[in-house]
Every structure is written in structure tokens, then in C-alpha cells.
Amino acid sequence: MNKQNAQMNAPYPGTHLPAGYPPEYPSAAYPGPPGSTGYPAPQLGYPAPQPDYPAPQADYPAPQPGYSVPPAGYSGGGPVGFPVQHQPMSYQSGGPAGVPWMPAPPPPSNCPPGLEYLSQIDQLLIHQQIELLEVLTGFETSNKYEIKNSLGQKIYFAAEDTDCCTRNFCGPSRPFTMRILDNMGREVITLERPLRCTSCCFPCCLQEIEVYAPPGVPIGYVNQTWDLCLPKFTVQNERREDVLKITGPCIVCSCCADVDFEIKSLDDKYVVGKISKQWTGLVRELFTDVDNFGIQFPLDLDVKMKAVMLGACFLIDFMFFENTRGEQRSGVW
């Protein structure tokens with residue numbers, strides 16, 4: 001009787017008992033209380049079942065080819081319907097893990113995978129990361145950006161994919177591929193900028209950026225429109241049909257103030273949004289090419305066009321604000 005009371009009062013019944021006490025899972029030689037059929041013997045290769053613990057879940061599927069294995073200690077995104085709140089890895093961003101991410105909303109109909117994040121927002125914040133090597137040596141490194149919503153939650157991470165020679169010999173005019181990743185490291189948007197001339201003397205070969213979502217599927221284009229005084233762009237859908245216009249100021253210079261590029265209707269009657277190069281402070285503006293941008297657009301704008309606006313923002317950044325150490329371009333190219 002004393003042995004049974006001691007076992008029942010233990011913090012975890014059947015564990016850490018003195019010698020002489022019966023095992024936790026009785027065998028046929030120790031049948032247990034009257035009427036009990038006893039516990040089955042543990043199966044080979046599996047640990048003995050523990051009382052008061054839930055049954056183990058089914059095995060998770062193996063990682064898909066091409067995706068990295070999550071680091072040790074990463075709990076994953078959780079069951080379906082639970083938002084991912086923390087970044088499991090930095091994706092070469094250099095930023096700390098644990099930065100909050102925007103929960104994924106239900107995807108609308110005909111929405112490319114990964115663009116559902118854009119369905120419930122009317123503003124994007126793009127923060128370029130500081131590269132210490134570039135600041136100290138002037139050696140041009142790949143640009144990296146964090147893309148957030150108005151609450152400061154990360155939506156995407158963008159990384160430039162170019163080689164060293166292209167970055168340092170072509171400078172801001174360089175062609176590039178910008179890969180935009182979601183919170184699981186999947187490439188959901190790809191931006192392609194071909195090599196084009198930047199001089200107003202060659203209006204037949206103007207700047208352009210192509211937007212794909214998912215990669216390989218075109219959803220829109222941003223084309224520079226030739227103008228002698230103002231920076232102008234035309235936003236097109238996947239069928240090369242004009243949808244919106246973008247017009248910037250005559251003098252593109254951020255001197256203690258933001259620089260706004262207005263998003264307008266095709267007839268120029270309505271301003272439906274803007275792309276703003278935000279003033280980041282005198283030191284940053286003089287000695288780095290690190291820029292912050294804000295994009296505003298209608299909430300009910302098609303998610304594909306919202307993604308194309310993101311491509312327009314990167315094109316504007318490279319065309320007018322990529323020069324370092326205070327060198328700025330004017331609206332007259």
C-alpha cells in the first residue's frame with residue numbers, strides 16, 4: 001500500500017522510483033489492478049509512451065527541392081490559418097531574425113501566389129539596407145531592401161542579382177534582376193531591367209522594367225516616356241496595354257524634403273497615388289546611396305498592378321538616386 005501511494009504521489013507517475021518498485025508499464029508477470037489487462041509492450045525502435053502527453057503528430061513532408069532546410073530551433077509557420085510572425089532566416093539580408101512579418105491574408109481569386117499580401121494594403125515602405133563595405137570603400141555591392149506595410153511588418157525581401165563587373169562598370173545604368181522573396185524564402189516576384197541608354201539624345205531606347213509573378217509569368221511593364229523636362233513613365237499590364245502614368249518633378253533632388261512621383265490616370269485628370277523618395281538625413285544622403293521609398297496606391301487596385309508599382313519604384317531608384325556622395329541627377333537626362 002505504501003509503495004502504491006508513493007507512486008501515485010510522484011510528479012510523473014512511474015519515473016524516478018527507488019529500487020524495488022514495480023515498472024511503470026506492467027508486464028504479464030505484473031498484471032496490475034484487478035480487471036486490468038495490462039499495458040502493451042513498447043514497440044521496437046519507439047520510446048515508451050508517456051502518460052498525459054499528446055500523441056505524436058504525423059511526419060512532416062520533406063523540404064521541396066531547391067529550398068533550404070530550416071535551421072535548428074525553427075518552429076515553422078504553424079498549422080494552416082496561423083500567421084507566420086517571425087523571420088526564420090535572413091536570406092542573406094544581414095538583418096537579425098525575429099523581425100515581425102505580415103500575416104498572410106486569404107488569397108483573392110486569380111491572384112498569383114505570394115501577391116495576396118498586397119490585396120489588403122494601400123501603402124508600401126521600401127527600406128534599402130546599408131552595406132558597410134560600400135560605405136567604407138565605395139565598392140558597389142548588391143542592393144538589398146526590406147519591403148514593409150504601414151504597420152512596419154515585413155512583407156517581402158528584395159535582393160539584386162548582378163555580377164561584380166556589371167555593378168562597378170555600368171553603375172546606376174546597369175541591367176539587373178531583382179528577386180523578391182516572401183517570408184518563407186520563396187521567390188514570388190522577379191524584376192528584369194535590360195541595358196538601355198539613359199541619355200535624352202536617344203529617345204528610341206528608353207528605360208524599361210519587366211515584372212513577373214510568379215517568376216517567368218509576365219504581369220506588367222514600366223516604360224519610360226520621352227520628355228525633355230519631366231521624368232515620365234507608362235505602366236502597362238501583361239498585354240502591353242497602358243493602364244496608368246507616372247510623372248516626376250523637373251528637378252529630382254532630395255534636399256531636406258521628399259521627392260514625389262505622382263501616379264495618374266491615363267488622361268492626367270486624377271492622381272491615384274504616388275511614389276516618394278523619402279529624405280533620410282544629411283549624412284546618409286551625402287555619403288551613401290541608401291534610400292527609403294514609400295508607395296501609395298488605391299486599396300482596390302489590382303494586386304498585379306501593385307506589384308508593377310513596386311517595379312517602378314526600383315527603376316526610379318536606380319535611375320535617379322543610386323549615385324553616392326551627394327551626386328544627384330536632374331530631371332533633364
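FYI, the numbering just counts along the sequence from 1.
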**Request:** Tell me, with the steps shown, if Arg193 and Gln207 meet side-chain hydrogen bond (donor to acceptor under 3.5 Å, both in side chains).
**Result:** CA-CA 8 Å; Arg193 181 199 187 189; Gln207 294 295 309; 2.6 Å; yes
**Prompt:** So, for Phe233 and Tyr221, is the gap between ring centers shorter than 6.0 Å?
**Reply:** no
Quiz: residues 108-124 side-chain donor-acceptor pairs under 3.5 angstrom, not counting sequence neighbours:
from, atom 1, to, atom 2, distance (Å)
Glu116, OE1, Gly114, N, 2.9
Tyr117, OH, Asn183, OD1, 3.4
Ser119, OG, Glu116, O, 2.7

**Prompt:** Looking at CG of Asn292 and CD of Glu146, how far apart are the two atoms once the value is rounded to the nearest 0.5 Å?
**Reply:** 10.5 Å
**Prompt:** With a distance cut-off below 6.0 Å to the six-membered ring centre and an angular limit of 45° from the axis, does Lys306 pair with Phe297 as a cation-pi contact?
**Reply:** no
**Prompt:** Would a line drawn from the ring center of Tyr145 to the ring center of Tyr156 be shorter than 6.0 Å?
**Reply:** no
**Prompt:** When rounded to the nearest 0.5 angstrom, what distance separates CD in Glu262 from OH in Tyr270?
**Reply:** 15.0 Å
**Item:** Val235 versus Val308, closest heavy-atom pair with distance
**Value:** CG1-CG1, 3.6 Å
**Request:** Compare every heavy atom of Ile147 with every heavy atom of Ile126, then report the nearest pair and how far apart it is.
**Result:** CG1-CG1, 4.2 Å
**Item:** Polar side-chain atom of Glu160 near backbone of Ser142 as donor-acceptor pair, under 3.5 Å
**Value:** no
**Item:** Closest approach of Phe314 to Met178 (non-hydrogen atoms, all atoms of both residues)
**Value:** CD2-CE, 4.0 Å
**Prompt:** With a 4.5 Å limit on heavy-atom distance, are the side chains of Gln153 and Lys148 in contact?
**Reply:** no
**Prompt:** Just by distance, do the side chain of Asn168 and the backbone of Cys164 share a donor-acceptor pair under 3.5 Å?
**Reply:** yes
**Message:** Can a side-chain donor-acceptor contact be found between Ser276 and Asp258 if the only test is distance below 3.5 angstrom?
**Reply:** no
**Request:** Check whether any side-chain heavy atom of Ile263 lies under 4.5 Å from a side-chain heavy atom of Val271, and answer yes or no.
**Result:** no
**Residues which pass side-chain hydrogen bond (donor to acceptor under 3.5 Å, both in side chains) with Thr177, listed by chain and number, not counting sequence neighbours** = Glu192
**Asked** Looking at side-chain heavy atoms only, is the closest gap between Thr190 and Ile180 below 4.5 Å?
**Response** no
**Heavy-atom side-chain proximity of Glu210 to Leu191 below 4.5 angstrom** = no
**Asked** From Glu187 CD over to Arg179 CZ, what is the distance, rounded to the nearest 0.5 angstrom?
**Response** 4.5 Å
Let me have the donor-acceptor pairs involving side chains of residues 240-253, under 3.5 Å, with sequence neighbours excluded, atom names and distances please.
from, atom 1, to, atom 2, distance (Å)
Arg240, NH1, Glu208, OE2, 2.8
Arg240, NH2, Glu208, OE2, 3.2
Glu241, OE1, Asn237, ND2, 3.0
Glu241, OE1, Arg239, NE, 3.4
Glu241, OE1, Arg239, NH2, 3.4
Asp242, OD1, Gln236, NE2, 3.0
Lys245, NZ, Leu266, O, 3.2

